[in-house]
Visitor: 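I'd like to ask some things about the structure below.
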Amino acid sequence: MNAAKLSRILALLTAACLFGTVGNLLAAPKPTFAHWSLRIVLLAVGRLTAMVTTIGIVCSVLRVRRVPAKLLRVAAVVFSVVGIFQVLQGKLQTLTAMQRAGEALTYTQYRDGLQTEALLAAELTGDAFPSWYLKTHWYGMPSPSASSTRESGVLLLYAKPAAGYASVTAFDPGVSGTAPLQGLPAALADLASVYLVSDGMNECGLAAALLPDGETAAPEPEKPVLSPLYAVRAVLDRCADVPEALAFLGRYALSAENGQSFRLLLQDRAGNIAAYPAGTDDANTVRSDKSLFDPGRGRIFDLAALTLESGSFRFELPVTRK
């Protein structure tokens, strides 16, 4: 086949796939699995044809007049695999990086791209989380009929937002529960749990922990709602110390989940400690000489050395901000 003609054909295919993908993404609000599968195929094919088009253009520039049909078939198979891998790359990397770090303890590095700002803007409660996660991270995949199987065991996650602070966090079903993950298969639940962490520490030396609270604060309708299930992730992604965390949390009304209210315990490497919402009307920080933050869950965060220790597992944050 003439290389110039090949490049023109592939350019048309690329344009068609891009238009098809956009149209498919704007289609039915509740797609079927067949609809979602087509969406993934179009995304992969769009990337495939873009890569092959580039090769065709290079061949045209280099005046390669004919491309062997066998080579085209091999290239199509290779690029198809590459295209699908690119669509699911972050998810596959996160799942394959999981390793046992101790009894009932698993560790992984999250590579799928955090969408914390979108989650905050959505003002979701826990029961709406699975639909939001599938729409945001899985191109609108319909909710499967399977349930989460992570009923016990802590999942430690290292994550680095594109515009935020790196952190090491813990998803602990004993604290946050598994209700927000019901309806998701185990692998998807493990990926989604990066938003539902119960405690953690970021690279600035700020630590946060979610604590059940017997008191139920009066709602503040003039403020946007923040579910406590996402509060630890939001604080660690964007705040460097306790004063910043309190200023950020003060813009939201912390909601209750399943009839249970929560409080955030905050501590930074300068020794500032605070609880939010405060037990009294005064939410000012207090000073402490402690350098270790231990919410009593078998995990110790050293805010000075930026390390996490839990049993025989020890993790050091790879980035340090002075």
Side-chain angles (χ1 to χ4, degrees), residues 17-18 20-47 83-98 106 108-151 153 155 157 159 161-162 164 169 171-173 176-198 224-234 237 255 257-258:
C17 286
L18 291 176
T21 301
V22 172
N24 195 50
L25 291 172
L26 297 176
K30 293 184 179 180
T32 63
F33 270 99
H35 184 276
W36 174 76
S37 299
L38 177 61
R39 181 177 299 181
I40 295 297
V41 169
L42 286 174
L43 286 170
V45 170
R47 300 191 183 194
I84 294 174
F85 176 76
Q86 284 188 334
V87 171
L88 304 176
Q89 181 178 4
K91 301 168 180 59
L92 294 174
Q93 287 179 332
T94 302
L95 292 173
T96 56
M98 286 194 177
T106 308
T108 191
Q109 293 193 23
Y110 185 79
R111 301 288 184 86
D112 194 29
L114 285 168
Q115 300 289 334
T116 310
E117 296 298 327
L119 181 59
L120 291 174
E123 298 186 39
L124 300 177
T125 55
D127 55 358
F129 175 75
S131 297
W132 174 87
Y133 175 75
L134 292 172
K135 179 181 179 181
T136 305
H137 285 271
W138 288 89
Y139 312 99
M141 183 175 74
S143 181
S145 57
S147 297
S148 161
T149 58
R150 183 171 286 280
E151 300 295 338
L155 177 60
L157 302 110
T169 54
F171 169 69
D172 190 339
S176 56
T178 57
L181 298 175
Q182 293 303 317
L184 296 178
L188 270 65
D190 284 343
L191 291 169
S193 62
V194 70
Y195 293 105
L196 308 175
V197 293
S198 57
V225 174
L226 173 63
S227 169
L229 300 178
Y230 324 131
V232 172
R233 168 55 59 201
D237 280 3
S255 65
E257 287 290 344
N258 298 318

Visitor: Please give me the minimum heavy-atom distance between F129 and L119, naming the atom from each residue.
Guide: CD1-CD1, 4.3 Å
Visitor: Between atom CG of L188 and atom OH of Y133, what is the distance when rounded to the nearest 0.5 Å?
Guide: 5.5 Å
Visitor: Any idea which heavy atoms bring S255 and S227 closest together, and the distance?
Guide: OG-CA, 3.4 Å
Visitor: Quick one: side chain to side chain contact (heavy atoms under 4.5 Å, CB included) partners of A97, sequence neighbours excluded?
Guide: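 A97 satisfies side chain to side chain contact (heavy atoms under 4.5 Å, CB included) with T108 only.
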Visitor: Just to verify, what does A231 make a side chain to side chain contact (heavy atoms under 4.5 Å, CB included) with, not counting sequence neighbours?
Guide: L226, L254, L264
Visitor: If every non-hydrogen atom of A159 is compared with every non-hydrogen atom of Y110, which pair is closest and at what distance?
Guide: CB-CB, 4.1 Å
Visitor: Rounded to the nearest 0.5 Å, how far apart are CG of L157 and CZ of F171?
Guide: 9.5 Å
Visitor: Looking at every non-hydrogen atom in both residues, tell me the closest pair between D190 and L155 and how far apart they are.
Guide: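 Heavy atoms of D190 and L155 come nearest at O-CD2, 3.6 Å.
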Visitor: Between the main-chain N or O of Q93 and the side-chain N or O of T96, is there a donor-acceptor pair closer than 3.5 Å?
Guide: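 Confirmed, T96 side chain pairs with Q93 backbone.
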Visitor: Will you find, in the side chains of D112 and T94, an N or O donor that is under 3.5 Å from an N or O acceptor?
Guide: no
Visitor: Rounded to the nearest 0.5 Å, what's the gap from OH on Y230 to CG on L120? Could you check?
Guide: 10.5 Å
Visitor: State the CG-OG1 distance between D237 and T116, to the nearest 0.5 angstrom.
Guide: 4.0 Å
Visitor: If we ignore hydrogens and angles and just use 3.5 Å, is the side chain of K91 paired with the main-chain N or O of H137 as donor and acceptor?
Guide: yes
Visitor: Nearest 0.5 Å please: distance from the CH2 atom of W132 over to the CD atom of Q115.
Guide: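 That separation rounds to 6.5 Å.
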Visitor: If you compare all heavy atoms of P173 against all heavy atoms of G153, which two are closest, and at what distance to 0.1 Å?
Guide: CD-O, 3.3 Å
Visitor: For R233 and Y195, which heavy atoms make the closest approach, and how far apart are they?
Guide: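 That would be CB-O, 3.8 Å.
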